[in-house]
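Just below is one structure, and these are the notes that go with it.
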Amino acid sequence: MTYETILTETRGRVGWITLNRPNALNALNTTLMSEVVEAAEAFDVDPGIGAIVVTGSAKAFAAGADIKEMEAKTSVEMIVDDHFGAWSRFAAVRTPTIAAVAGYALGGGCELALMCDLVIAADSARFGQPEITLGVIPGMGGSQRLARAIGSYKTADLILTGRTMDAAEAERAGIVSRVLPADRLLDEVADIAEGIAAKPLPALYAATAALDTALETPLAEGLRFEKQAFAALFATEDQKEGMAAFREKREPRFRHR
Ligand code: CO8
C-alpha cells in the first residue's frame with residue numbers, strides 16, 4: 001500500500017508506521033490522520049502482527065496538528081466535521097502500540113504518543129502542549145490523558161505555560177516508558193516490539209484492554225474486568241502451553257502468535 005504522508009513496513013510480526021512529512025516536521029493534517037488510522041487498523045486485524053510501532057524522524061516525531069490546515073476553520077466546521085475525530089480509532093486498536101519518539105512531540109504529536117501503550121523516547125525528545133500560545137488548548141486528548149498519566153499540577157504547568165519538557169523530565173513525570181540514546185532508538189524499539197509481538201495474541205489483547213480499562217473506569221469496575229479477562233485466558237491453548245513450558249523448563253511454542 002502506498003501512502004502520501006506515511007511509510008509502512010512489516011518486519012516479522014511488527015507493523016511499522018513512519019510519519020513522513022519532513023517539510024512540515026510531520027505536522028498532523030487530515031490526510032496523515034486518515035492514513036495512520038487506515039494503516040494501524042489494517043495491522044490490527046492482521047493476526048500476523050503482534051505490535052505496531054509509530055515513529056517520525058530524528059528531528060520530529062510530530063510538531064503538532066497542522067496549524068496551516070486548521071487556521072481558517074470555523075468553530076462550526078470543527079464541530080460538524082469532527083476534525084481529527086478519527087484519531088479515536090487509532091487509540092482503540094487492540095494490538096500493542098509503541099511510540100518511538102525522537103525530537104519534537106508537541107501538541108497533537110505529544111497526544112498521538114500518549115495514545116500509544118508504550119512511549120520509548122530518544123534522549124533528543126521534547127514533549128509539550130504549546131496550544132495555549134496559539135490561542136487554543138489541546139484537542140486530541142492531551143488535557144485528559146496527561147492529567148491521568150502525570151497528575152493535574154504537572155499537566156497544568158505544560159498546558160498553561162506551553163513549555164516543553166525533555167526526555168528525562170518526561171520519563172520522571174511518567175509519560176515515557178524508557179529513554180534511549182538517539183542513535184539506538186529504532187534498533188532497541190525493534191527489539192522491544194519483536195519481544196512483545198512474540199507473546200500470544202489473546203493475552204496481548206486482554207492486556208491492552210485491561211490497561212485501557214484502568215484509565216477509563218473506577219477501580220472496582222477495573223478490578224472486575226481484570227478478574228474476568230484473567231479467567232477467560234484459561235480457555236486458551238496458549239495459557240496451557242505457557243504454563244506447561246514453565247513446568248517443563250522449555251521455551252513456549254505459542255499457537256496464536
Ligand atoms: N503545523 C504546520 N506546519 C508546521 C508545524 C505545525 N504544527 N510545525 C512546524 N511546521 C512547519 C513550519 O511551518 C515550517 O514550514 P516552512 O518551512 O514551510 O515555513 C517547517 O515545518 C519547519 O518548521 P520550523 O522552521 O518552525 O522549524 P524550527 O526548527 O525552527 O522549529 C518548532 C521547530 C519549534 C517545532 C516549530 O516548528 C514550532 O513551534 N511548531 C509548532 C508547534 C506547535 O505549536 N504545535 C501545536 C500545534 S496545535 C495542535 O497540535 C492541536 C492538536 C489538537 C487538534 C485537535 C483538533 C480537533
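Just follow the structure's listing: the first ligand is 1, and inside any ligand the first atom is 1. Residue indices begin at 1 and follow the sequence shown.
A side-chain hydrogen bond (donor to acceptor under 3.5 Å, both in side chains) with Arg21 is found for exactly one of Asn26, Asp66, Thr31, Thr5, namely Asp66.
Within the 4.0 angstrom cut-off, atom 30 (O) of ligand 1 has no protein heavy-atom neighbours. Note that atom 21 (O) of ligand 1 has protein non-hydrogen atoms nearby, at separations under 4.0 angstrom. Inside a 4.0 Å radius of atom 38 (C) of ligand 1 there is not any protein heavy atom.
Remark: distances from the non-hydrogen atoms of Asp82 to ligand 1 are all 4.0 Å or more. Distances shorter than 4.0 angstrom do not occur between any heavy atom of Gln129 and any atom of ligand 1. Using 4.0 Å as the threshold, Glu111 has a heavy atom nearer than that to some atom of ligand 1.
Taking only non-hydrogen atoms, the option from Gly107, Ala63, Pro22, Gly135 nearest to atom 45 (N) of ligand 1 is Ala63. Scanning Ala62, Ala24, Pro138 for the heavy atom closest to atom 11 (C) of ligand 1 points to Ala24.
Nearest approach of Thr164 to Leu106, heavy atoms of both residues: CG2-CD2, 3.5 Å.
Residue contacts with ligand 1 for Ala27 involve side-chain atoms from C-beta outward but no N, CA, C or O (heavy atoms, distance under 4.0 Å).
Taking any N or O of Met70, backbone or side chain, none lies under 3.5 Å from an N or O belonging to ligand 1. Checked against a 3.5 angstrom limit, the closest N/O atoms of Phe84 and ligand 1 fall outside it. Checking only distances, Ile67 does come within under 3.5 Å of ligand 1, N or O to N or O. Geometrically, ligand 1 and Lys68 share a nitrogen or oxygen pair separated by less than 3.5 Å. Considering backbone and side-chain atoms alike, Ala65 places an N or O below 3.5 Å from some N or O of ligand 1.
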Worksheet item: So Glu237 and Arg253, salt bridge (charged side-chain N to carboxylate O under 4.0 Å, His left out) or not? Walk me through it.
Response: CA-CA 10 Å; Glu237 292 157 292; Arg253 290 181 294 271; over 6 Å; no

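Leu19 and Val53 are assigned to two separate hydrophobic clusters, defined by single-linkage of ILVMFWY side chains at heavy-atom distances under 4.5 Å.
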